[in-house]
Participant: 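Once you've had a glance at the structure underneath, I'll fire off some questions.
Each chain gets a letter, A, B and so on, in the order the sequences are listed, and its residues count up from 1.
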Protein chains: 2
Amino acid sequence: MTSIDEPAPRNGRIRDAARTQAEILEVATQEFARAGYDGARVDEIAARTRTTKRMIYYYFGGKEQLFTAVLERAYGVIREAEQQLDVEHLDPVAAIRRLAELTFDHHERHPDFIRLVSIENIHGAEHIAASEKLGRIGSPALEVIRRILTAGKESGLFTADVDAVDLHAMISSFCFFRVANRATFGALFGRDLVDPAQREHYRAMLGDLVIAYLTAERAAD
Amino acid sequence: MTSIDEPAPRNGRIRDAARTQAEILEVATQEFARAGYDGARVDEIAARTRTTKRMIYYYFGGKEQLFTAVLERAYGVIREAEQQLDVEHLDPVAAIRRLAELTFDHHERHPDFIRLVSIENIHGAEHIAASEKLGRIGSPALEVIRRILTAGKESGLFTADVDAVDLHAMISSFCFFRVANRATFGALFGRDLVDPAQREHYRAMLGDLVIAYLTAERAAD
DNA sequence: CAGCTAATGTACGAACTAGTACGTTAGCTA
DNA sequence: TAGCTAACGTACTAGTTCGTACATTAGCTG
């Protein structure tokens, strides 16, 4: 009852819709990535936030929509990164190698994103399908690849008859596998694919792999 | 109350421990692959079996142990397949290509296995770690790869300085990605990587990729 | 500064879910 | 064929977990 002067600070609770939403998204990303969709707990997400569970439902509607929002944000990040791509001033071989390296780096730097993608695949990509933002949003990288491939083929450097989407899949495969299957691969083969000491080794290997394919001497058929 | 004669047939319930266990494992594999570890329901598994939930606990102990048993069985299947490998009578190039094709086929034929591996990775491979059967069990395929690589290098056909484990990872990456990320890749890029019409295309692409890498002309360094 | 609304907090409930206590029976064995 | 045990079934519980009804307040607007 000591009604001593209690100035403005109170308990520091300030209203900020944008920041609250952003914080929920950030924590939700971690929690979903940690435990999977069904393993994630809405209460746990709320607890790790300055706000309460009520706000999750207030802003996102429910667990499903929250996960969709998390995915939208994650894909947004990768999109932004891809828009920064600046490799077209290089010759085709160097450009593809650089692109592969950047893809490699991005996967390594965003293991949570990889996990989210794995989780979404377990659920048949139903959240992507339900999202307006994510429907058939191509990838900026695809356009870049397309142009490099064209240049490479015209100059005769690239002998392979590949499609941009296939090349993208090819590059992503290795980057994705290395991060996504790190745990089982390590447990079964005793090799940590994400060991920092091996990082350069694998980064170079990916580049060599893709370039070897694109520039291989083909048997005339 | 009509105590009419009810002969032997009753409801056809016959006791068969081995069969009951096998049936539980089979159904559990489907359910875990369908919904993930936390998404899978023990009651649902029991319901799809001729037996009851009680039996799951009687034979396996609990949900965790059941999932571990499912993994053990799944890895057992792939091990068996790998032991049938018969490619060493081929020349190194053909042998590696054949190996890649068999890996490709196996992944395509066992999407449930791929899903289980994805799920296990989400959970940090903790069930593999908890399993006695699965601890550091290498892969029969690795020995085969090792021998082919040695032969290829000695004959001068293979110029790449790769490790068997790395080559295995390289081949698996593409096979795994194609099946595991089918849903998101299809949703985002509008291309079904497992489309039967494209099967031969991707199967050949993988072979070309690996062979190009192994036989590429290396810049002397 | 009155009043209104977006933003926030608390407490609770309904439904689900892993796991278990207890009871029954098939079918082998002495 | 008596009896024993592995195999099986039923019914229930304790603890979660998503979601919501209801109450409150910050802080902008006229």
Side-chain angles (χ1 to χ4, degrees), chain A residues 3 6-28 30-32 34-70 119 123 126-127 130, chain B residues 3 5-32 34-70 119 123 126-127 130:
Chain A
S3 62
E6 278 204 318
R10 291 213 9 115
N11 49 1
R13 250 184 30 242
I14 298 159
R15 301 199 166 190
D16 187 339
R19 182 180 156 159
T20 299
Q21 291 177 50
E23 194 181 350
I24 291 173
L25 271 185
E26 173 61 30
V27 175
Q30 294 169 19
E31 173 69 0
F32 279 122
R34 182 186 68 77
Y37 178 77
D38 291 288
R41 298 290 162 237
V42 177
D43 284 294
E44 178 65 21
I45 294 171
R48 297 223 289 252
T49 305
R50 295 173 320 150
T51 186
T52 66
K53 184 166 58 161
R54 179 69 184 77
M55 290 297 96
I56 293 174
Y57 288 88
Y58 183 69
Y59 284 121
F60 298 95
K63 192 180 181 182
E64 294 265 358
Q65 295 100 308
L66 177 59
F67 185 69
T68 301
V70 163
I119 292 161
H123 297 278
E126 62 181 16
H127 302 94
Chain B
S3 62
D5 64 305
E6 279 204 320
R10 290 206 23 106
N11 48 1
R13 250 181 32 242
I14 299 160
R15 302 196 165 191
D16 187 340
R19 180 179 158 160
T20 299
Q21 291 177 49
E23 195 180 350
I24 291 173
L25 271 185
E26 173 61 30
V27 174
T29 297
Q30 293 171 19
E31 173 69 0
F32 279 122
R34 182 187 69 77
Y37 178 77
D38 290 288
R41 299 289 162 236
V42 177
D43 283 294
E44 177 65 21
I45 294 171
R48 297 224 287 253
T49 304
R50 295 174 319 150
T51 185
T52 67
K53 184 164 59 157
R54 181 66 184 77
M55 288 298 97
I56 293 174
Y57 289 88
Y58 182 68
Y59 285 120
F60 297 95
K63 192 180 181 183
E64 294 266 356
Q65 296 99 309
L66 177 59
F67 185 68
T68 301
V70 163
I119 292 161
H123 296 279
E126 61 182 14
H127 303 94

Participant: Need one value for A46(A): base, sugar-phosphate or nothing, where a base atom within 4.0 Å counts as base even if backbone is also close, heavy atoms only.
Facilitator: nothing
Participant: In whole angstroms, how far is the P atom of dG9(D) from the CG atom of D16(B)?
Facilitator: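 Computing the D16(B):CG to dG9(D):P distance gives 13 Å.
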Participant: So, applying side-chain contact (heavy atoms from CB on, under 4.5 Å) with K53(B), which one of I45(B), I24(B), D43(B) is it?
Facilitator: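 The option that passes is D43(B).
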Participant: Okay, side chain of E31(A), backbone of V42(A): is any donor-acceptor separation there less than 3.5 Å?
Facilitator: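 No; judged by distance alone, with no hydrogens or angles, the pair does not exist.
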Participant: What is the separation between atom CZ on R41(A) and atom C1' on dG19(D), rounded to the nearest whole Å?
Facilitator: 14 Å
Participant: Run the numbers on K63(B) and F32(B) for side-chain contact (heavy atoms from CB on, under 4.5 Å), then give the verdict.
Facilitator: CA-CA 10 Å; K63(B) 192 180 181 183; F32(B) 279 122; 4.0 Å; yes
Participant: With a 4.0 Å cut-off on heavy atoms, is A18(B) in touch with a base, just the backbone sugar-phosphate, or nothing at all?
Facilitator: nothing
Participant: Report the distance from atom CZ of R19(A) to atom C1' of dG27(D), rounded to the nearest whole Å.
Facilitator: 18 Å
Participant: Indicate, yes or no, whether a donor-acceptor pair under 3.5 Å links the base of dG27(C) to the side chain of R15(B).
Facilitator: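 Looking at the base of dG27(C), it does not pair with any donor or acceptor on the side chain of R15(B) (distance under 3.5 Å).
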Participant: Considering only heavy atoms and no angle criterion, is a donor-acceptor pair shorter than 3.5 Å present between the side chain of K53(A) and the base of dG19(D)?
Facilitator: yes
Participant: Is the phosphate of dA7(D) approached by T51(B) (side-chain N or O, under 4.0 Å from OP1 or OP2)?
Facilitator: no
Participant: Name the nucleic acid region contacted by T52(B), choosing base, sugar-phosphate or nothing; use a 4.0 angstrom heavy-atom cut-off, strictly under.
Facilitator: base
Participant: Measure from OH on Y58(B) to P on dT10(D) and round the result to the nearest Å.
Facilitator: 17 Å
Participant: In this structure, how many angstroms lie between the P atom of dT8(C) and the CZ atom of F60(A), rounded?
Facilitator: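 Going from F60(A) (CZ) to dT8(C) (P), I get 12 Å.
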Participant: Checking H123(A) against F67(A) for the ring-ring contact (aromatic ring centres under 6.0 Å, His included) test, could you report, in this order, the C-alpha distance in whole Å, the side-chain angles of both residues, the deciding distance, and whether it holds?
Facilitator: CA-CA 12 Å; H123(A) 297 278; F67(A) 185 69; 7.3 Å; no
Participant: Checking the side chain of R41(A) only, and the main-chain atoms of D38(A) only, is there a donor and an acceptor separated by less than 3.5 Å?
Facilitator: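 Yes; at least one donor-acceptor contact below 3.5 Å.
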Participant: Nearest-Å distance, CG (D43(B)) to C1' (dT20(C))?
Facilitator: 13 Å
Participant: In this structure, how many angstroms lie between the P atom of dT24(C) and the CZ atom of R54(B), rounded?
Facilitator: 15 Å
Participant: Any base atoms under 4.0 Å from Y59(B), or only sugar-phosphate, or nothing? Heavy atoms, all strands.
Facilitator: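 Sugar-phosphate, backbone atoms only, no base.
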Participant: What is the distance, to the nearest angstrom, from the OH atom on Y57(A) to the P atom on dC18(D)?
Facilitator: 6 Å
